[in-house]
There are 2 protein chains.
Amino acid sequence: MNAQFKKGILELCVLVLTAKGDKYGYELVQMISEKFFIAEGTVYPLLRRLTKEGYFSTYLKESSGGPPRKYYTLTVEGRAYMDELVSEWNTFYEGVNLIVKEGLGDGAE
Amino acid sequence: MNAQFKKGILELCVLVLTAKGDKYGYELVQMISEKFFIAEGTVYPLLRRLTKEGYFSTYLKESSGGPPRKYYTLTVEGRAYMDELVSEWNTFYEGVNLIVKEGLGDGAE
DNA sequence: TTTAGTACCTTGCAATATACAGTACTGAAT
DNA sequence: ATTCAGTACTGTATATTGCAAGGTACTAAA
């Protein structure tokens, strides 16, 4: 999968995936990996950055069968930022799809 | 518009927009600008790179009302690469939309 | 002659995904 | 007992690419 496509989108992904409930890093890696390849080394720095920017708060929790997990909770600002990104994403991907349709010419232009 | 979203996608855009007929740089800038913001300084280097990589061939043509235009013609390799990118894009945006749906929970998860 | 529009080019910067390397815990297989 | 796979998090160096901001140069209208 084209690595460039993911720029900015992974941010959107981790934000929306924590919207309905706290998630830990490794769990997010697995959830996103179901849809397309993602490197572990990408997610953790991203989560740290978003936390630093105030979009997440975190807490540790013990795990049976491994080291403790760091859970990420979306803050109020995080939720607002997520809404903004989702809205931008919708505008964006629809625009791209129009261009693709226009270019490939399935009779709709 | 989030600048990161466009990484790699502008490449896809200029390729598909030349699929049905040769286009010149400024024209591509205008076509893409109808859907979302794009900086002129982004498109020209991109077109040069894709030409260097063998995906475009070019020719100059006089214009009434301005300097000569540089037209870009999609090569056979360019078309193959475009097909690949379109396919990757489709997989990608559908994956992202599933994640967004999953996260925002409109009952479909 | 000055401005707006057309049309192209170039450089430096910022953002971010990846590769790669490392730490550390648990449990099953050798 | 030890090795390995899986879980879980951290950190750094690198490559790619979009943007800002500058520039050149042509035509036509104010």
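Proteins get letters first, then strands, A, B, ... in listed order; numbering begins at 1 in each. This structure is a prediction, so every number in the text was calculated from the model and none was measured.
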### Query
Would you say B:Tyr44 reaches C:dC8's phosphate, i.e. side-chain N/O to OP1/OP2 under 4.0 Å?
yes
Whether the side chain of A:Thr18 engages the backbone of A:Leu74 through a donor-acceptor N/O pair (distance < 3.5 Å, no angle test) should be reported.
no
Taken to the nearest whole Å, NZ/A:Lys61 to C1'/D:dC9 is 18 Å
Discussion item. Taking the side chain as everything from C-beta on, heavy atoms only, tell me whether A:Tyr72 gets closer than 4.5 Å to A:Lys23.
Written reply: no
For nucleotides 18-30 of chain D, 5' to 3', base contacts (B), sugar-phosphate-only contacts (S) and non-contacts (-) with protein non-hydrogen atoms under 4.0 Å give SBBB---BBS---
Give a yes/no on whether any side-chain N or O of B:Tyr24 is located under 4.0 angstrom from OP1 or OP2 of C:dC8. no
A:Leu12 CG to C:dT16 C1', in whole Å, measures 15 Å
Considering just the side-chain nitrogens and oxygens of B:Arg48, establish if one lies under 4.0 Å of OP1 or OP2 belonging to C:dC8. no
I'd like to know if the side chain of B:Ser87 reaches the main chain of B:Asp83, judged simply by a donor and an acceptor atom lying under 3.5 Å from each other, with no hydrogens or angles considered. no
Review point. Which class fits the ring pair A:Phe92 and B:Phe36: parallel under 30°, tilted 30 to 60°, perpendicular over 60°?
Key: tilted
Whole-Å distance, B:Tyr72 OH to C:dA7 P, equals 13 Å
A:Met31 atom CE is separated from D:dA8 atom P, nearest whole Å, by 14 Å
In this structure, would A:Met31 and B:Leu104 fall into the same cluster of hydrophobic residues linked by side-chain contacts under 4.5 Å?
yes
- Item | Linked, directly or transitively: A:Tyr24 and A:Tyr59 (ILVMFWY side chains, under 4.5 Å) | yes
note: A:Leu28, atom CG; D:dC9, atom P; distance rounded to Å ~ 9 Å
Rounded to whole Å, NZ of B:Lys23 lies from P of C:dA7 at a distance of 14 Å
note: B:Tyr71, atom OH; C:dT6, atom C1'; distance rounded to Å ~ 12 Å
Q) Is the phosphate of D:dT7, meaning OP1 or OP2, less than 4.0 Å from a side-chain N or O of A:Tyr26? A) yes
Rounded to whole Å, OH of A:Tyr59 lies from P of D:dA8 at a distance of 14 Å
Using modelled atom types and a 3.5 Å cut-off, is there a donor and acceptor pairing between side-chain atoms of B:Lys6 and backbone atoms of B:Phe37?
yes
